[in-house]
K.L.:
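A single structure is presented below for examination.
In what follows, chains carry the letters A, B, and so on, assigned in the order in which the sequence lines appear, proteins first and then strands, with residues in each chain numbered from 1. Note that these values count all heavy atoms, side chains included, but never hydrogens, waters or copies made by symmetry.
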Number of protein chains: 2
Amino acid sequence: MNELEQNINTYFGIIRQDELKSVTSYFKENQVEKGEYFLKSGQKCQKLSFIKSGLFRIYAISGDKEVTQWISTPGYFVTDLASLYFNTPARWTIQAMTEAEIYTINKEDYVHLGKLIPKWHELEKIFIAKCFTILEDRIFSHLSMTAEERYQFFFENNRELFNQVPLQYIASMLGMTPETFSRVRKKASVNFKG
Amino acid sequence: MNELEQNINTYFGIIRQDELKSVTSYFKENQVEKGEYFLKSGQKCQKLSFIKSGLFRIYAISGDKEVTQWISTPGYFVTDLASLYFNTPARWTIQAMTEAEIYTINKEDYVHLGKLIPKWHELEKIFIAKCFTILEDRIFSHLSMTAEERYQFFFENNRELFNQVPLQYIASMLGMTPETFSRVRKKASVNFKG
DNA sequence: ATTTTTTCTTGACATATATCAAGAGCTTCA
DNA sequence: TGAAGCTCTTGATATATGTCAAGAAAAAAT
């Protein structure tokens, strides 16, 4: 099973091999330059991509500040789900932080799959439900954890990311300033050694 | 169109009248006592209900504190989506804050509808996607707004709730203490008059 | 109607986190 | 290789929010 097929399997669940082939055939592999915009806030999102290589940052402008919502890494996907599903202007801007290779399906084909593969809506359902539970975890973390605890938790589960991207963006997605992030980090590393 | 049919329409989208009838026929109306638990954290959630009347609080215990995630009012629904869809132990406890009347479908029937009504998975997909966008808004509010701004925003859109439930729970779902809530509230009302 | 319980407010104070400013260490790239 | 720009850290300080404690107000129970 190739990379893309595995992505589909991970997020959408299991389908017959021939259907899987059919699904993946709608994805086109493409290259993305560093700094290139996958989506700009306000546009209607017309595609969904899985990341083969490279890093994408999903963020929005709020007042005079950027709010990073997520950093997407190989194996993950990028899209603005709300915009894709409800045809609303995207909240998020999505930009490549590095050169990247992605597998992209456009919205038209994505919707078409629903007519082509009986089980497709069910798979989408699973996909979105997974996205939902991820957000639910995050809400809970904001309601119940301090900045330090959110840092710890994220660090435990995403160590690799810390030497791949500017830390200020991780700070933002955890809901703290770069300065606080830096201090929390120092404190955590001291605790870790001690 | 009755209340329940309208609920289905609002959350799941439009379907044929006969299919709608078929869907709603699986929901049973039932009474709930004040204080009764709809779901307890750790259980596997086996149902989904729409609220005809009454109020439910969705919360979790974190350390020695309760974290209120949401207060569900007539027209809304109650369930633990993650638990319902992935059969995992529920994170949330759901308790009736008042006497209540609800329309309930059990999981078995809910799943069965997928076999019965071709479009059902697609409707569920819409339902979950809506839930997703609500959470996305909330994440954004925690990443970009102060306690005061979150208060303001919630107040604008949910004034009625403020004289129906203990404010401490609203405080918690907005991620602040009752004391902070009280101060923010005072400040907001002064600004409002001035 | 009175008591009891719960909820809300307020003040004093503690702590967490943000802001501002400066400098150090990296990268990038000309 | 050196200049220019990022990025990260650190200190000083400000602000937002939490904690604790007490009392007032409101709601529920008797």
K.L.:
Ignoring backbone atoms, establish whether Thr180(A) has a side-chain N or O less than 4.0 Å from OP1 or OP2 of dT17(C).
P.N.:
no
K.L.:
Just compare dT28(C), dG18(D), dT19(C) and give me whichever is closest to any side-chain atom of Lys34(A).
P.N.:
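When the side chain of Lys34(A) is considered, dT28(C) is the closest of dT28(C), dG18(D), dT19(C).
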K.L.:
Please report the distance, rounded to the nearest Å, between CD1 in Ile170(A) and P in dT7(D).
P.N.:
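To the nearest whole Å, that distance equals 13 Å.
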K.L.:
At a heavy-atom distance below 4.0 Å, what parts of residues 141-153 of chain B sit against DNA chain D?
P.N.:
Thr146(B), Ala147(B)
K.L.:
Rounded to the nearest Å, what distance is computed from the CZ atom of residue Phe162(A) to the C1' atom of nucleotide dC26(C)?
P.N.:
19 Å
K.L.:
When the aromatic ring centroids of Phe132(B) and Phe132(A) are compared, is their separation below 6.0 Å?
P.N.:
no
K.L.:
Do Arg185(A) and Tyr151(A) form a cation-pi contact, if we require the NZ or CZ to be under 6.0 Å from the six-membered ring centre and within 45 degrees of the ring's axis?
P.N.:
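No, Arg185(A) and Tyr151(A) do not form such a contact.
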K.L.:
Quickly work out the Arg185(A) CZ to dT17(C) C1' distance and round it to whole Å.
P.N.:
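From Arg185(A) CZ to dT17(C) C1': 18 Å.
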K.L.:
Step through it carefully: locate the ring centre of Phe38(A), locate the ring centre of Trp92(A), and say whether they are under 6.0 Å apart.
P.N.:
no
K.L.:
Measure from the ring center of Tyr59(B) to the ring center of Trp70(B) and say whether it is less than 6.0 Å.
P.N.:
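Between Trp70(B) and Tyr59(B), which both carry aromatic rings, the centre distance is not below 6.0 Å.
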K.L.:
For the helix from dA1(C)-dT30(D) to dA30(C)-dT1(D), figure out the bend between the end axes, five pairs an end, and round to 10 degrees.
P.N.:
50°
K.L.:
Taking all heavy atoms of Trp120(A) and all of Gly114(A), pick out the closest pair and write down the distance.
P.N.:
CD1-N, 3.3 Å
K.L.:
Salt bridge or not between Glu66(A) and Arg57(A)? Use side-chain N to carboxylate O under 4.0 Å.
P.N.:
yes
K.L.:
Hey, is the side chain of Ser182(B) poking within less than 4.0 Å of OP1 or OP2 on dT9(C), counting only N and O atoms?
P.N.:
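Yes, Ser182(B) has a side-chain N/O under 4.0 Å of OP1/OP2 on dT9(C).
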K.L.:
Please determine which of Glu3(A), Glu29(A), Gln31(A) meets the side-chain hydrogen bond (donor to acceptor under 3.5 Å, both in side chains) test together with Lys52(A).
P.N.:
Glu29(A)
K.L.:
For Phe181(B) and dC8(C), what is the distance between atoms CZ and C1' respectively, to the nearest whole Å?
P.N.:
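Rounded to whole Å, this separation is 10 Å.
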K.L.:
Roughly, in whole Å, what's the span from CZ in Arg57(A) to P in dC6(D)?
P.N.:
14 Å
K.L.:
Rounded to whole angstrom units, what separation is found between the CD atom of Gln164(B) and the C1' atom of dT6(C)?
P.N.:
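Roughly 18 Å, once rounded to whole Å.
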K.L.:
Any idea which of dC8(D), dT17(D), dT7(C) is nearest the Leu167(A) side chain?
P.N.:
dC8(D)
K.L.:
Please pick, from dT19(D), dA18(C), dT7(D), the nucleotide with the shortest atom-to-atom distance to any side-chain atom of Lys65(B).
P.N.:
dT19(D)
K.L.:
Write down the distance between CE (Met176(B)) and C1' (dT9(C)), rounded to a whole number of angstrom.
P.N.:
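Result: 16 Å.
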K.L.:
First locate atom OG1 of Thr88(B), then atom CG of Asp80(B), and finally report the distance between them rounded to the nearest 0.5 Å.
P.N.:
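If we round to the nearest 0.5 Å, Thr88(B):OG1 and Asp80(B):CG are 6.5 Å apart.
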K.L.:
Would Glu99(A) and Lys34(A) satisfy salt bridge (charged side-chain N to carboxylate O under 4.0 Å, His left out), going step by step from the backbone distance to the final call?
P.N.:
CA-CA 4 Å; Glu99(A) 272 191 25; Lys34(A) 176 175 179 173; over 6 Å; no
K.L.:
Thinking salt bridges, do Glu19(A) and Lys119(A) make one under a 4.0 Å N-O criterion?
P.N.:
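So Glu19(A) does not pair with Lys119(A) through a salt bridge.
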K.L.:
Given the side-chain rings of Tyr76(B) and Phe50(B), with only the six-membered ring counted for Trp, is the space between their centroids under 6.0 Å?
P.N.:
no
K.L.:
Do any N or O atoms of the protein come closer than 3.5 Å to N or O atoms of nucleotides 11-13 of chain D, and which pairs are they?
P.N.:
| unit_1 | atom_1 | unit_2 | atom_2 | d |
| --- | --- | --- | --- | --- |
| dG11(D) | N7 | Arg183(A) | NH2 | 2.6 |
| dG11(D) | O6 | Arg183(A) | NH2 | 2.9 |
| dA12(D) | N6 | Arg183(A) | NH2 | 3.3 |

K.L.:
Stepwise, does the salt bridge (charged side-chain N to carboxylate O under 4.0 Å, His left out) test hold for Glu122(A) with Lys125(B)?
P.N.:
CA-CA 8 Å; Glu122(A) 195 178 345; Lys125(B) 188 184 82 181; over 6 Å; no
